[in-house]
2 protein chains.
Amino acid sequence: MNSENPTLAEKLATAIADGILNGSLPPGLRLDEMGLAEQHGVSRTPVREALRQLSLSGLIDMRPRKGAVVSKATPDQVENLFVAMAEIEATCARLAAISMTPVERRRLQARHEGMLALAKTGDTGAYSDANVAFHSSIYTGSHNAPLAEFALNLRRRVGPFRRAQFQVEGRLLRSNQEHDAVVRAILSGDASGAHAAMLHHVSLVEDAFEAFAATNAA
Amino acid sequence: MNSENPTLAEKLATAIADGILNGSLPPGLRLDEMGLAEQHGVSRTPVREALRQLSLSGLIDMRPRKGAVVSKATPDQVENLFVAMAEIEATCARLAAISMTPVERRRLQARHEGMLALAKTGDTGAYSDANVAFHSSIYTGSHNAPLAEFALNLRRRVGPFRRAQFQVEGRLLRSNQEHDAVVRAILSGDASGAHAAMLHHVSLVEDAFEAFAATNAA
DNA sequence: GGCATCTATCTTGTATGCAATCTCGGACAT
DNA sequence: ATGTCCGAGATTGCATACAAGATAGATGCC
């Protein structure tokens with residue numbers, strides 16, 4: 001939304017969101033306004049506005065007179081998040097194949113080739129960061145602000161559940177191969193091909209998550 | 001979101017949203033908190049929370065210390081809204097073709113057949129209402145809450161720009177024919193067919209809007 | 001006459017206070 | 001012993017009050 005927004009409410013919203021995304025505010029935790037207020041050294045008013053904002057992004061649930069809690073997602077809801085994410089990413093890729101400018105296409109290719117080096121090195125952290133940038137550039141490449149915004153929001157929401165995906169052995173190189181199919185389709189303007197390739201890629205991420213979750217649950 | 005939410009902020013949010021959607025609050029209008037407050041007979045606090053909520057749905061734009069204005073969309077942005085809408089609706093239709101329960105499928109068919117009668121009668125208002133319900137049932141039929149929510153949000157945002165679409169002569173029957181293709185694909189579980197049919201349908205709506213806008217601009 | 005600047009006023013952002021509602025613990029009745 | 005009802009405490013929702021930044025008009029200067 002508003003990137004440079006110096007109001008306390010905005011800063012609190014991002015601070016609380018960070019807390020939720022990095023796990024320091026676990027799902028199900030009750031967020032009482034008073035506590036958050038004095039914890040951040042402000043009054044209740046900006047806290048209230050931040051909470052209202054977060055509730056619309058789906059990160060927390062607010063019930064009329066019962067306060068706010070960090071959204072506790074059921075497995076079904078997480079599954080839906082991943083499905084929605086895959087669909088939206090695929091749609092963005094399709095539009096990007098049609099709408100990207102030559103400059104954007106060249107940048108996408110350069111970024112992709114840079115990631116191949118990272119994948120070979122096995123630098124998980126750097127690859128993860130580059131991966132976020134890679135996908136984001138496809139969102140913006142769709143040249144459709146509402147879709148791109150929604151994609152970013154979904155990405156934030158699935159973040160807590162996909163943290164360890166690149167830990168799986170060999171995932172980096174496979175990810176790069178899948179990216180390769182996506183990039184080739186986009187560069188050649190193959191809309192449906194880009195859609196299919198991205199859907200395949202993100203669905204595999206989902207599978208990786210499920211495998212990871214299954215091993216952790218066992 | 002929260003359907004039965006008796007807080008003033010929620011009621012104000014829907015009231016202001018209605019005002020924007022029905023045109024009584026035209027795009028570009030400045031929304032000063034004080035004015036809205038005494039206009040609705042409340043204090044500024046719930047107004048502020050309502051505005052913050054609306055800003056996240058994209059209906060209004062808020063800038064840090066400069067207040068809120070009703071979103072004034074450029075033609076490009078409106079175009080993007082329609083494109084996003086078409087893509088999301090098509091995605092919902094595809095998922096619906098896969099995920100709808102037998103009961104939902106039968107209800108969809110019944111609703112669709114009922115609309116044929118309305119189209120023949122030429123009852124524009126009733127058809128329009130039924131049309132909203134028809135599309136909404138496909139959103140929920142996707143069994144994917146995030147996507148359905150986003151679709152509803154987009155529908156609200158494009159609302160102001162598609163008000164007169166059914167006024168075009170013969171649009172009702174053509175709409176019904178297009179629905180027929182969508183319904184048939186969904187009922188038969190033809191995922192890609194449902195996607196294509198819905199994309200086609202909504203894109204035609206977009207064309208109708210553009211024709212309408214062109215005639216008005218001329 | 002035009003433009004910059006300064007100030008007065010207005011609007012927004014934040015804090016605090018009060019009323020209504022919900023939660024939770026205990027007492028009482030069955 | 002268990003279920004129900006009631007009341008105190010706590011928390012949310014709303015209103016009001018205060019502070020800070022922005023806008024606009026006027027005034028002085030070029």
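Computed over heavy atoms, backbone and side chain alike; hydrogens, waters and symmetry mates excluded. In what follows, chains are A, B, ... by sequence order, proteins preceding strands, each numbered from 1.
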TODO: Please work out whether the ring planes of B:His179 and B:His112 are parallel, tilted or perpendicular, with thresholds of 30° and 60°.
DONE: tilted
On DNA chain C, more 5' by nearest nucleotide between B:Glu33 and A:Val42 is B:Glu33
message = If only side-chain N and O atoms count, and only distance matters, is there a donor-acceptor pair under 3.5 Å linking B:Glu89 with B:His201?
response = no
Rounded to whole Å, the CD-P distance (A:Glu38 to C:dA15) equals 13 Å
Determine: side-chain N/O of B:Arg30 to OP1/OP2 of C:dT12, distance under 4.0 Å, yes or no. yes
By nearest-heavy-atom nucleotide on DNA chain D, the more 5' of B:Thr45 and A:Gly67 is A:Gly67
Between CG of A:Leu31 and C1' of D:dA10 the distance, given in whole Å, is 17 Å
**Message:** With a 4.0 Å cutoff (strictly under), does any side-chain N or O of B:Lys66 reach OP1 or OP2 of C:dT12?
**Reply:** no
Decide yes or no on side-chain hydrogen bond (donor to acceptor under 3.5 Å, both in side chains) for B:Asn22 and B:Ser24, but give the supporting numbers first. CA-CA 6 Å; B:Asn22 72 22; B:Ser24 68; 3.2 Å; yes
Taken to the nearest whole Å, CE/A:Met34 to C1'/D:dT12 is 11 Å
Rounded to whole Å, the CZ-P distance (A:Arg63 to C:dT21) equals 17 Å
Query raised in the report: Between B:Arg52 and A:Glu10, is the closest basic N to carboxylate O distance under 4.0 Å?
Result: yes
Separation of C:dC24 atom P from A:Arg65 atom CZ, nearest Å, is 17 Å
